[in-house]
*Asks:* 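Right, I'll just put the structure down here and ask away after.
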There are 2 protein chains.
Amino acid sequence: MANNTSSGNSPTAEPKTLVETAYRALRRDIIEGHLAPGEKLRVEHLKDDYGVGAGTLREALSLLISDALVVSQGQRGFRVAPVSLEDFEDITKTRVMLECDALRQSIAMGDDAWEGDLLAAFHRLTKAEEKRIGTDDREEWEERNRIFHEVLISACPSRWLKHFLSILYQQAERYRRLSLYLQPIPRDIHAEHEALMQAAMARDADKATAILGEHILLTFRSVEQIPKDQLNEKLAA
Amino acid sequence: MANNTSSGNSPTAEPKTLVETAYRALRRDIIEGHLAPGEKLRVEHLKDDYGVGAGTLREALSLLISDALVVSQGQRGFRVAPVSLEDFEDITKTRVMLECDALRQSIAMGDDAWEGDLLAAFHRLTKAEEKRIGTDDREEWEERNRIFHEVLISACPSRWLKHFLSILYQQAERYRRLSLYLQPIPRDIHAEHEALMQAAMARDADKATAILGEHILLTFRSVEQIPKDQLNEKLAA
DNA sequence: GTTTTTAAAAATCTCGAGAAAAAACGTTGA
DNA sequence: TCAACGTTTTTTCTCGAGATTTTTAAAAAC
């Protein structure tokens, strides 16, 4: 949490070292599913793909363990962290608890600047949603969605809470992407975000947390309802 | 959480690689305060102290970032994570929230085997406390205290909650040790543990979480009340 | 006396090669 | 046909050396 190299770091700071570059590229490929869950990460192969030395790549992989995107076992190398419906459910429930608590604190502590940031983040998200119709630049929307959630809880004074939430968000994003190819978004996410934003601005903590909790839970439900056989194709390690 | 190399792993599994060995040695030295908060960790020096190569040590340090015991910045190497009273307060509050929630779930889900484990862990802790009078094998007590808290919440089904708690516990232990030299334990910790154990066995979740919350908070209070100038000697980075 | 510039020293970051372990493969025997 | 064994191949783990960058210290300029 208190470092620039690992999880939860400011995404705007550009990488200054090769380790950092490889770390980001790998993280992206894992979250986007280009590296499948459970897949073996052979250093000898990957070092060529990412254009770095073996030691550098090992270090990047070690960093990814912080984010629970990579696992390692003894003398048997690295693997992409496996996925499961149970894990996603756990992530969802834990995230609901933590993020609602953080939101409550944020609403209580947030000042005018926070309100401004929130409004701005919501606006940018809305713009991305409008552009997105038909187009395929999902990345832009994903990034702005992340920032919107981040800004929502930004006035919460607990660094640790925010640190844990950044990890959980990242994990959830991974599951969301894995299921994306199977099921288009059936919900009116924009309406959910708008209601959430307005409740937060109105300082209605009960309402805001209720909406947020439901919002996060619905994402899980939509994945949960995907037929198991289709899901297992993706989840197979 | 889902790996054997990083935080929250089973402490009984012996290290099979030099990276793992160095990781544990470094972690121990940081938690015990032999490596001071904020201290620069020069790879060229440390590799000799720990008897490994530069690359190996770098990897171990990368692993310690997961535990937030080490921080790194760009091209300026590694440092021991700094400490502050604010940070400890955050750790404490976050831990109270998460650990109480986990305990509640554990009490609800725990079976007979869990009760047995809890009883056993409490017994071992008691024995260590009796032996400790006068002697100085703090390590034994620390380990058993950790296990007691771990067993308490072991029946909680959320892996992520337990993962986060293991990180927070480790952080708290570090602060506890830093303050240990300044202030002897004035509390009757044994009584607190016993009441906690009994409430858990009686499945009285409200009572158990109340005791646990107070138990964790008291540790913070005892550090908080240490005169600031004495504290800053230790906390100085 | 203070600040800026410049040069030397130290540390970080990176890579490729060699030893140890695990996995893959074919062979032998029942 | 199947299982057990030993060899070969692959992969991981580890180390030391070289290129950049940062830090330190001294010299020069204001």
*Asks:* Compute the ring centroids of A:H193 and A:F122, then answer whether they are less than 6.0 Å apart.
*Replies:*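 Aromatic pair excluded; centres sit 6.0 Å or further apart.
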
*Asks:* How is B:G55 classified with respect to the nucleic acid when contacts are heavy atoms under 4.0 Å: base, sugar-phosphate, or nothing?
*Replies:*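 Counting heavy atoms under 4.0 Å across all strands, no contact is made by B:G55.
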
*Asks:* Nearest to the B:R58 side chain among C:dC13, D:dT11, C:dA22, which nucleotide is it?
*Replies:*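 Among C:dC13, D:dT11, C:dA22, the one nearest the side chain of B:R58 is C:dC13.
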
*Asks:* Among C:dA11, D:dT12, C:dA22, which nucleotide has an atom closest to any side-chain atom of A:E44?
*Replies:*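 Taking heavy atoms from C-beta onward, the closest nucleotide is D:dT12.
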
*Asks:* Does the plane of the ring in A:W160 sit parallel, tilted or perpendicular to the ring in A:H163? Use 30° and 60° as the thresholds.
*Replies:*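 If you compare the ring of A:W160 with that of A:H163, the planes turn out perpendicular.
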
*Asks:* Contact class for B:L41 vs. all strands (heavy atom < 4.0 Å): base, sugar-phosphate, or nothing?
*Replies:*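 If one applies the 4.0 Å heavy-atom cut-off, B:L41 turns out to touch the sugar-phosphate alone, with no base involved.
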
*Asks:* For the pair made of CD in A:E59 and P in D:dT14, what is the distance, rounded to whole Å?
*Replies:*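 Nearest whole value for this atom pair: 14 Å.
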
*Asks:* Look at the aromatic rings of B:Y175 and B:F88 and report parallel, tilted or perpendicular, splitting at 30° and 60°.
*Replies:* parallel

*Asks:* Taking CZ from A:R79 and C1' from C:dA23, how many angstroms apart are they, rounded to a whole number?
*Replies:*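 One finds 12 Å between C1' of C:dA23 and CZ of A:R79, rounded.
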
*Asks:* Which listed nucleotide (C:dC15, D:dT14, D:dT12) is nearest to the side chain of A:K40?
*Replies:* D:dT12

*Asks:* Any salt bridge between A:E173 and A:R176, counting N to O under 4.0 Å?
*Replies:*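 Not counted as a salt bridge, because no side-chain N and carboxylate O are separated by less than 4.0 Å.
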
*Asks:* Scan B:Q75 against the nucleic acid and name what it touches under 4.0 Å (heavy atoms): base, sugar-phosphate only, or nothing.
*Replies:*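 Answer is sugar-phosphate: B:Q75 comes under 4.0 Å of backbone atoms only.
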
*Asks:* Nearest whole Å is fine: how far is D:dT21 P from B:Q73 CD?
*Replies:* 17 Å

*Asks:* Between C1' on D:dT14 and CG on B:D48, what's the gap in Å once rounded to a whole number?
*Replies:*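 Distance, rounded to whole Å: 15 Å.
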
*Asks:* Check the side chains of B:S66 and A:S66 for a donor-acceptor pair under 3.5 angstrom, ignoring hydrogens and angles.
*Replies:*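 Judged by distance alone, the side chains do pair up.
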
*Asks:* When we call it a touch if two heavy atoms are under 4.0 Å apart, what does A:K47 touch: a base, just sugar-phosphate, or nothing?
*Replies:*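 Here A:K47 touches no strand at all.
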
*Asks:* Would you say D:dT10 has OP1 or OP2 under 4.0 Å from some side-chain N or O of A:H45?
*Replies:*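 For D:dT10, neither OP1 nor OP2 has a side-chain N or O of A:H45 closer than 4.0 Å.
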
*Asks:* Specify the separation, in whole Å, of atom CD of A:E20 and atom C1' of C:dT14.
*Replies:*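 It works out to 15 Å between those atoms.
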
*Asks:* Please pick, from D:dT21, D:dC13, C:dA23, the nucleotide with the shortest atom-to-atom distance to any side-chain atom of B:T17.
*Replies:* D:dC13

*Asks:* The side chain of A:T56 is closest to which nucleotide in this list: C:dT14, D:dT14, D:dT12?
*Replies:*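 Comparing C:dT14, D:dT14, D:dT12 against the side chain of A:T56, the answer is C:dT14.
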
*Asks:* Please determine, for the side chain of A:F78, which listed nucleotide (C:dC15, D:dC13, C:dA11) has the closest atom?
*Replies:* D:dC13

*Asks:* Once you round it to whole Å, what is the distance between P of C:dC15 and CG of A:L46?
*Replies:* 14 Å

*Asks:* Closer than 3.5 angstrom, by distance alone: can the side chain of B:T94 be matched with the main-chain N or O of B:I91 as a donor-acceptor pair?
*Replies:* no

*Asks:* Within the 4.0 Å heavy-atom criterion, would you say B:L57 contacts the bases, only the backbone, or no part of the nucleic acid?
*Replies:* nothing

*Asks:* Just to confirm, is there a sub-4.0 Å distance from OP1 or OP2 of D:dT11 to any side-chain nitrogen or oxygen of A:R76?
*Replies:*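 No, A:R76 has no side-chain N/O under 4.0 Å of OP1/OP2 on D:dT11.
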
*Asks:* In whole Å, what is the span from the OH atom of B:Y23 to the P atom of D:dC13?
*Replies:*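 To the nearest whole Å, that distance equals 16 Å.
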
*Asks:* Grab the CZ-C1' distance between B:R42 and D:dT24 for me, whole Å please.
*Replies:*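 Computing the B:R42:CZ to D:dT24:C1' distance gives 12 Å.
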
